[in-house]
Amino acid sequence: MNTTKTIVAISFMIIIVIVSSCRNNSFTMSSGAMEPTIKNGEIIYADLNIFKEQLPNRWDIVIFHSPTMPNTDWLMRIVGLPGETVSYDSLGLLINGERMSNDKNRIHYKLYCLNVDSSRIIQHPYIVPEDQYYLLGDNVDDSFDSRVWGSISKDKIFGLVKKQ
């Protein structure tokens, strides 16, 4: 009888551990900020444990807690890493003075976006603080991103979008 109770108790604890570690890893994109890479309404999947083991990399598309809307998760692309200087010129994005382009997706990053008042753009060149990341939407004309609110703390980034 004690053996049966022990087996049931252990089985129950294993189920609790599995259920609590299997956080839902699907998200629905609810804006056009990442188009054409990820379309508004598209369902994406993310690895929610990867950043417990490794740091984010440039060009990763990550899920993070919004800096302006509490309890809202957003996704964007990392372009600037901790300690780097982000700036723009007429040809686009520079990191530490080196031209950056995301040729794979043919994205031309620029300082100003059509849907944001230019007086709200943060001062550039911008030095990304330690343990923070500079994020941009792929739809540069319709993305409320680090150009406006600055960098995001590493502890706000919690998922890596998986390639489909």
Side-chain angles (χ1 to χ4, degrees), residues 14-84 86-88 92-95 98-117 120-122 124 126 128-164:
I14 289 171
I15 290 170
I16 289 174
V17 168
I18 291 171
V19 169
S20 64
S21 68
C22 291
R23 184 174 164 195
N24 185 359
N25 67 346
S26 66
F27 298 82
T28 302
M29 186 65 181
S30 60
S31 81
M34 285 300 293
E35 290 184 356
T37 309
I38 301 172
K39 294 174 179 37
N40 187 2
E42 186 174 340
I43 296 173
I44 57 96
Y45 297 91
D47 183 336
L48 303 179
N49 295 310
I50 194 164
F51 296 131
K52 293 175 184 173
E53 301 168 8
Q54 68 184 48
L55 294 173
N57 295 301
R58 186 178 336 278
W59 309 126
D60 284 349
I61 299 175
V62 296
I63 301 175
F64 61 98
H65 300 297
S66 166
T68 60
M69 299 173 65
N71 305 317
T72 305
D73 300 332
W74 288 4
L75 63 100
M76 289 188 184
R77 188 179 300 279
I78 292 178
V79 297
L81 304 175
E84 293 183 331
V86 177
S87 60
Y88 298 85
L93 175 68
L94 297 118
I95 303 289
E98 181 182 336
R99 176 119 1 253
M100 292 284 126
S101 68
N102 190 346
D103 292 331
K104 177 181 175 190
N105 296 313
R106 295 189 173 98
I107 298 162
H108 175 72
Y109 293 113
K110 57 187 179 181
L111 180 57
Y112 297 104
C113 45
L114 298 176
N115 294 325
V116 175
D117 176 6
R120 296 182 66 190
I121 302 294
I122 63 168
H124 287 82
Y126 179 86
V128 182
E130 290 304 313
D131 293 324
Q132 297 203 16
Y133 294 85
Y134 191 95
L135 308 173
L136 294 177
D138 285 358
N139 185 354
V140 295
D141 285 328
D142 192 20
S143 182
F144 189 62
D145 51 35
S146 285
R147 295 172 293 177
V148 178
W149 34 255
S151 54
I152 291 292
S153 174
K154 180 184 171 289
D155 64 354
K156 300 283 186 203
I157 298 171
F158 65 91
L160 175 67
V161 173
K162 294 180 182 178
K163 304 293 186 239
Q164 294 289 323

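When every heavy atom of M69 is checked against every heavy atom of S66, the shortest pair comes out as N-OG, 2.8 Å. When all heavy atoms of V79 and E84 are compared, the pair lying nearest together is O-OE1, 4.2 Å. The two residues M76 and G137 have their closest heavy-atom pair at SD-N, 3.9 Å. Here the closest heavy-atom approach between residue M29 and residue K39 is recorded as CB-O, 3.5 Å. Heavy atoms only, all atoms of each residue included: I43 and S26 are closest at CG2-CB, 4.2 Å.
Counting only heavy atoms from C-beta outward, the side chains of V86 and L94 never approach each other to under 4.5 Å. Looking at heavy atoms from C-beta onward, M100 lies in side-chain contact with R58 at the 4.5 angstrom threshold. By the 4.5 Å heavy-atom criterion applied to side chains, H65 and D155 are not counted as neighbours. Here the side chains of R77 and L135 are not in contact, with every heavy-atom distance at 4.5 Å or above. Using a 4.5 Å heavy-atom cutoff, the side chains of P67 and I152 are in contact. For the pair W59/I78, no side-chain contact is recorded, criterion being any heavy-atom separation below 4.5 Å from C-beta on. The shortest distance between side-chain heavy atoms of V62 and L75 does not fall below 4.5 Å. Counting only heavy atoms from C-beta outward, the side chains of F51 and I63 never approach each other to under 4.5 Å.
To the nearest 0.5 Å, atoms CG (L93) and CD1 (I107) are separated by 11.0 Å. The structure places CG of L48 at 6.5 Å from CZ of F158, a figure rounded to the nearest 0.5 Å. One finds the CE atom of M34 at 9.5 Å from the CG atom of L136 (value rounded to the nearest 0.5 Å). Separating the CG atom in D145 from the CD1 atom in I122 is a distance of 9.5 Å, to the nearest 0.5 Å. In this structure, CG in N139 is found 9.0 Å from OG1 in T37, a value given to the nearest 0.5 Å.
For Q54, the CD atom is densely surrounded, since the number of other residues' heavy atoms within 6.0 Å is greater than 12. Heavy-atom neighbours of D131 CG from other residues, nucleotides or ligands within 6.0 Å: at or below the threshold of 12.
Relative ring orientation between Y134 and Y126 is described as tilted, the plane-to-plane angle lying within the 30° to 60° band.
A donor-acceptor contact closer than 3.5 angstrom links the side chains of Y109 and D138.
The backbone N or O of N40 lies less than 3.5 Å from a partner atom in the side chain of E35, making a donor-acceptor pair.
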Kindly determine whether F27 and I38 satisfy side-chain contact (heavy atoms from CB on, under 4.5 Å), including the steps that lead there.
CA-CA 11 Å; F27 298 82; I38 301 172; over 6 Å; no
Worked verdict on I61 versus I44 for side-chain contact (heavy atoms from CB on, under 4.5 Å)
CA-CA 11 Å; I61 299 175; I44 57 96; over 6 Å; no
After noting the C-alpha distance and the side-chain angles of W74 and F144, does the key distance pass the side-chain contact (heavy atoms from CB on, under 4.5 Å) rule?
CA-CA 10 Å; W74 288 4; F144 189 62; 3.7 Å; yes
V161 and Y45: CA distance, side-chain angles, deciding distance, side-chain contact (heavy atoms from CB on, under 4.5 Å) verdict
CA-CA 6 Å; V161 173; Y45 297 91; over 6 Å; no
